[in-house]
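What follows is one structure encoded as structure tokens, with my remarks underneath.
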Protein chains: 2
Amino acid sequence: MVEDVPKTAAKPTPTAGGRGRRATRASGDDRERAILETAERLLEERPLSEISVDDLAKGAGISRPTFYFYFPSKDAVVLTIIDRLVAAAADSREEALKMLAEGDPRAGLRQALEDLYGAFRARRAVTLAAAELRMRNPEARALWAEVMEGWVADVTAVIEAERARGVAPPGEPARDMAIALVQMNERVQYATFAEESPSLEPNRVLNVIVEIWLRTIYGGVEPS
Amino acid sequence: MVEDVPKTAAKPTPTAGGRGRRATRASGDDRERAILETAERLLEERPLSEISVDDLAKGAGISRPTFYFYFPSKDAVVLTIIDRLVAAAADSREEALKMLAEGDPRAGLRQALEDLYGAFRARRAVTLAAAELRMRNPEARALWAEVMEGWVADVTAVIEAERARGVAPPGEPARDMAIALVQMNERVQYATFAEESPSLEPNRVLNVIVEIWLRTIYGGVEPS
DNA sequence: AACTTTATCAACACCGTGTCGAGTCAGTCA
DNA sequence: TGACTGACTCGACACGGTGTTGATAAAGTT
């Protein structure tokens, strides 16, 4: 059902912060994984706000106090899960960035947006939980901010390069454009995942955001 | 037995739903206002999730049970406040739409975005609370969806008109473009109000989103 | 004056969080 | 082997928030 990521090695601790277990290396590893899997499974069914610590404990076959042996709070569990999503997305970004540097920037841009969209769509439930958590948890906010900052920096560089090459017209500061574009993606994708109304159809999202990115970056406004 | 109130003509009830008071016309009006004012005041200080029913009751000079005489829940209070914000924003939209229909669409568009931005910036705290509430309250979600739908419909009409006039190039379906643009505005403005990082500076927001809107609507992508 | 409606709140039932302390159990190692 | 230790478990509790109940008072209405 939930075949987990293959990177169980090469990483002593997901984050340096006080997330995760207190200190151990014994059989409780299974329990920790069980909690994380339960969280992911329940998030497919209902929003984070409707999942209690008891639900997670029950799902992992332990009592509520025992849950606290493994994680300091419900939020910490979700934060750990988000860490992994973010790491996966970062890989996608690096991949796409490489492609962007060597080939045609326009095709590369489409590929990059596609990979990014794919990374989050694959973990739709977690993405929605992240957005929810961000509203009330400073740590989640900081983590997300870091992610956004990374993309903005990359996109800014791309826009500036294309302007320098003379293929993109000047305009508002590249970084400002990048912020708006990246935030647009986030919002549009969230709406689609959450099936808001109005929202874009899943199979239309990429066409639309790619067109807006291209027009924004490459298309100057002809004076009427 | 329905004593009609003359002061707020043309509006019997903010919403048809069971929001607000149960039924009265006496001095308790002051209390109701006091609760709403307390809520707005506290929202300037801290997020909705950190405000309790007791805080609202204390702020209005009543006990917690008495609060429930006036509102069925904390959410209902905020929903009432959001109703008003939304109504004000709708007025702005109508205003801007009129301007858009008679004058130059490009200048009109800028004016419309400016008015809209202003309407929400004037009620920054409430706007942020609305976003928070939307995450966990279906009624708030429905209300916001209605608002978004209204804007999307208007923008769709504008894009289609401009394409029909031949001044805007064809491209992805007008409605899809409209959805993405409206959602971009929402996200960018939210980030600015919340002082996220990264986010646009308050005095730069309009320049940036107007440029993106114009390039998206009027600027086709020249083939490289 | 009897009656109704509006308004108020102490006390309660309930739920979710997080902590404490008293355990069990599986391995050391003396 | 038996005392010791550290990993692990959970019943019972304290706390803080929500929403309800029922008793009561105060202000109209007839």
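What you see below is based on every heavy atom in this structure, not just the backbone, and it leaves out hydrogens, waters and symmetry mates. Order of the sequence lines fixes the chain letters, A, B, ..., with proteins taken first and strands second; residue numbering starts at 1 for each chain. Please read all numbers here as calculations on a predicted model, not as lab measurements.
- Each of B:I212, B:V188, B:V208, B:I209 was scored for a side-chain contact (heavy atoms from CB on, under 4.5 Å) with A:D176, with one residue passing: B:V208.
- A donor-acceptor contact closer than 3.5 angstrom is absent between the side chains of A:E211 and A:N207.
- Note: NZ (A:K58) to C1' (D:dC10) measures 12 Å, nearest angstrom.
- The salt bridge (charged side-chain N to carboxylate O under 4.0 Å, His left out) analysis of residues 189-200 of chain B, with sequence neighbours excluded, yields the pairs B:R187-B:E196.
- Scanning all heavy atoms of the two residues, the minimum distance from B:A174 to B:I159 falls at CB-CG2, 3.7 Å.
- Atom-to-atom, CG of B:D55 to C1' of D:dG16 comes out at 12 Å; the value is rounded to the nearest Å.
- In this structure, B:E50 places its CD atom 14 Å from C1' of D:dG16, rounding to the nearest Å.
- Rounded to whole Å, atom P of D:dG19 lies 17 Å from atom CZ of B:F69.
- Ring planes of B:F120 and B:W144: perpendicular class, angle over 60° (limits at 30 and 60°).
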Annotated protein contacts, base or backbone, on nucleotides 15-23 of chain C with a non-hydrogen cut-off under 4.0 Å, one of B, S, - each
--BBB----

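- In this model, the phosphate group of C:dT8 is approached by a side-chain N or O of B:Y70 to a distance below 4.0 Å at OP1 or OP2.
- Between A:T66 and D:dT9 there is no side-chain polar atom (N or O) within less than 4.0 angstrom of OP1 or OP2.
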List, one per line, each side-chain donor-acceptor pair under 3.5 Å for residues 54-64 of chain B, sequence neighbours excluded.
| residue | atom | partner | partner atom | Å |
| --- | --- | --- | --- | --- |
| B:D54 | OD2 | B:K58 | NZ | 3.0 |
| B:D55 | OD2 | B:R46 | NH2 | 3.0 |
| B:D55 | OD2 | B:S52 | N | 3.0 |
| B:D55 | OD2 | B:S52 | OG | 3.3 |
| B:S63 | OG | B:T66 | OG1 | 3.1 |

